[in-house]
Amino acid sequence: MDAEIATILAMDGIASGAIYLLIGLGLVLIFAVTRVIFVPFGDIAAFTGLSLAALENGHRPGTVGLVAVLAVLATLKETALLVRTRELHRLPHTLLFYLVLPLAPAAAIWFTTGSVLPMPLRIVLALALVLPIAPLLDCLVFRPIADASVLLLLTVAVALHFALDGLGLLFFGPEGVRTQPLTETVLDIGGFIVNAQTLLIVAASIVFSGLLYLFFEFTLLGKALRATAINRTGARLVGIRPTSTASKAYLLGSLLAGISGVLIAPATTMFYDSGFLIGLKAFVGAIFGAMASYPVTALGAILVGLLESFASFWSSAYKEVVVFGLLIPILLWRSLSLGEVEEEEAEE
Amino acid sequence: MALLSIEGLSVAYGKVEAVRGVSLAIEPGQIVTVIGPNGAGKTTMLNAAIGLLPWRGRMSFEGADLARLDVEERIERGFCLVPEKRELFGDLSVADNLLLGGYARRRDTAGLKQSLADVYDRFPRLDERRGQKASTLSGGERQMLALGRALMAKPRLLLLDEPSLGLAPLIVREVFRIIASLRELGVSILLVEQNARAALETADFGYVLETGEIVHSGPAADLMHDPKVTASYLGGH
């Protein structure tokens, strides 16, 4: 391998690392706030890419049906809850958040089916369409068992992944799709040919990690999410509602996943089940940060991307093995330093 | 009308009833204390009252049935708990802990600003350490932060669970002085303590809880001289 190939591989690795980074941050965010390792998280990214591809061809994306089913189920569940607690005066609020808002983008797509909208509008619609999926799943699946153990929540998340996989096949079909490139510009930087698409991915991951940092550091809502992650009882005692912070964590995480879906869809062929592997690799990155640290997760995700890229050069058959094999040393290192973590928790 | 009224409260962990048929009332402006030995069910009673544990019986706050309110709605109405474990946000700064204390009234920006100034005024130590992480504070400072965080919610009734637990005697005195001074703010207090003498000196009315049941009650000054109470809880003096 010469320097030129190494550079190309490195750039490639950083680009995929940047995707894992966005998804990894979302995973950590959702886990910290809800204690759920949201296994179907990669599916959210894949569904965004698939929806975007359908919109490009003037088709109605299968996601419309998925969102409609989830929204109706969640609305029924929440309304039944209101009837049982005799709080029907909150019905308009429930209808707005569980029915009207999730269905608004789906309705917009329903009525514009057949015409091909301009690209920025397509991207916004695809994102808006996918955003409610995770919060609605949270409402239907995780909220009733919110106080269960992390292991039970994980098991449910795995089951949910298989259910979503099946629904993905039902709604999107088995064909792979690729979306139009966001940009076709090719740059020449110091003798190296760089795809502007790659730079866009890296820039997006920097911008959105930065925004996430600002959100956590400077907004009350961001601090409330962190507070829930640090101490759930303490958060309840100052009036922070765990169900509401959970919904917001899922929304925000889905936005990150959706954006990465938009970014990778032009570069890789997406299938209904492509999300799983992407999500798993982001998970390996998040394990670096013990599912808790955002900066370490970011570094871990980039490392996973680089490793994958170089591994596929040396022996592409083994690239997944190398990436997931990385888990063993990380977990060893993590369990050796576990003593410190426990001490920190005991303090609280 | 009592600010908080509890009638026949029972709380069970599985089959074990930790609190059995407890009734008590707090009038506006009062400091009421519940004293009793370790394991008598004091913390359980407070956690049930704030809505963290399921319970049976009747409880109302300012006439509102507490069975229909969740923890967050209690906080919004000015009914707050400073728990035994403080439950601070260790990784956040002192200033952020206080800011989040006012989360339930986050739309009242002007009022929150005033409350924050008041808290810093009352606890100058917190002002000095506002940029520090809560986890780096000493025991006394943590208790002050827990009190300050609760005050940010503009409580009308504050439940205090063992505020003196684990603190040095000098700091204990300081904490009780602060508790007594909260009365001027119009905050009523239900104080649960093992430090019976200090609690009875601060309170207007007292209850003694033993193995989940109230065994004595009366004006705090009377309990201080009640031989049954002095023998068990005040070292016989």
Side-chain angles (χ1 to χ4, degrees), chain A residues 28-29 32-33 81-90 93 143 146-147 213-248 289-290 292-296 340-348, chain B residues 46-47 50-54 65 67-93 95-107 109 112 133-137 139 142 145-146 148-155 158-159 161:
Chain A
V28 172
L29 168 67
V33 174
L81 201 67
L82 289 185
V83 171
R84 198 156 13 116
T85 56
R86 292 191 219 126
E87 286 183 292
L88 274 175
H89 61 277
R90 291 177 72 175
H93 176 271
R143 203 175 289 172
D147 293 322
Y213 171 78
L214 294 178
F215 170 74
F216 282 136
E217 210 59 30
F218 295 107
T219 67
L220 185 65
L221 181 58
K223 286 172 185 170
L225 287 181
R226 282 173 70 197
T228 312
I230 297 168
N231 188 326
R232 297 171 73 77
T233 310
R236 294 204 71 184
L237 289 177
V238 298
I240 300 172
R241 211 173 282 276
T243 51
S244 131
T245 41
S247 300
K248 283 157 192 162
S293 159
Y294 296 95
V296 183
E340 292 167 38
V341 179
E342 269 171 353
E343 257 171 32
E344 272 171 42
E345 276 167 5
E347 240 182 318
E348 281 319 302
Chain B
L46 291 190
N47 285 343
I50 202 70
L52 289 173
L53 289 174
D65 182 3
R68 310 254 328 250
L69 300 179
D70 61 15
V71 181
E72 294 81 2
E73 284 163 328
R74 284 169 168 82
I75 313 293
E76 279 162 21
R77 289 171 184 238
F79 179 23
C80 303
L81 166 71
V82 177
E84 186 180 344
K85 290 180 182 160
R86 324 308 194 218
E87 310 286 5
L88 298 172
F89 308 123
D91 243 6
L92 297 184
S93 68
D96 282 347
N97 270 271
L98 292 176
L99 186 74
L100 286 165
Y103 188 82
R105 48 193 279 253
R106 55 194 174 282
R107 284 174 195 94
T109 359
L112 278 177
K133 278 188 183 181
S135 57
T136 65
L137 299 183
R142 293 164 73 91
L145 181 54
R149 188 178 72 174
L151 288 178
M152 290 294 292
K154 213 173 181 180
L158 209 50
L159 308 182
D161 195 355

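Proteins come first, then strands; the chains are lettered A, B, ... in the order of their sequence lines, and each starts at number 1.
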Check: B:I50 versus chain A, heavy atoms under 4.5 Å apart: side chain, backbone, both or neither?
Finding: side chain
Checklist line | Euclidean distance, A:N231 CG relative to B:D91 CG, rounded to 0.5 Å | finding: 11.5 Å
Next item on the list: Over all heavy atoms of both residues, which pair between A:A224 and B:Y103 is shortest? Give the atoms and the distance, please.
Entry: CB-CE1, 3.6 Å
Check: Could you state the interatomic distance from CD1 (A:I240) to CD1 (B:I75), rounded to the nearest 0.5 Å?
Finding: 10.5 Å
Notebook entry, point to check: Taking every heavy-atom pair that is under 4.5 Å apart, which of B:L52, B:D96, B:N97, B:L99 has the most such pairs with chain A?
Noted result: B:D96
Next item on the list: Kindly determine whether B:E73 and A:R241 satisfy side chain to side chain contact (heavy atoms under 4.5 Å, CB included), including the steps that lead there.
Entry: CA-CA 9 Å; B:E73 284 163 328; A:R241 211 173 282 276; 4.0 Å; yes
Note to self: Using 0.5 Å steps for rounding, measure from the CG atom of B:L81 to the CZ atom of A:R236.
What the structure shows: 12.0 Å
Next item on the list: Using the side chain to side chain contact (heavy atoms under 4.5 Å, CB included) rule, take A:T233 and B:K85 through it: C-alpha gap first, then chi angles, then the decisive distance, then the call.
Entry: CA-CA 10 Å; A:T233 310; B:K85 290 180 182 160; over 6 Å; no
Margin query: Which residues in residues 215-223 of chain A have any heavy atom closer than 4.5 Å to a heavy atom of chain B?
Written below: A:L220, A:L221, A:K223
Check: What closest approach, in Å, do A:V238 and B:G101 show between heavy atoms, and which atom pair accounts for it?
Finding: CG1-CA, 3.8 Å
Notebook entry, point to check: What is the minimum heavy-atom distance between B:G90 and A:I230, and which atoms define it?
Noted result: N-CG2, 3.7 Å
Next item on the list: Let me know if A:A235 has heavy atoms under 4.5 Å from chain B in its side chain, its backbone, both or neither.
Entry: both
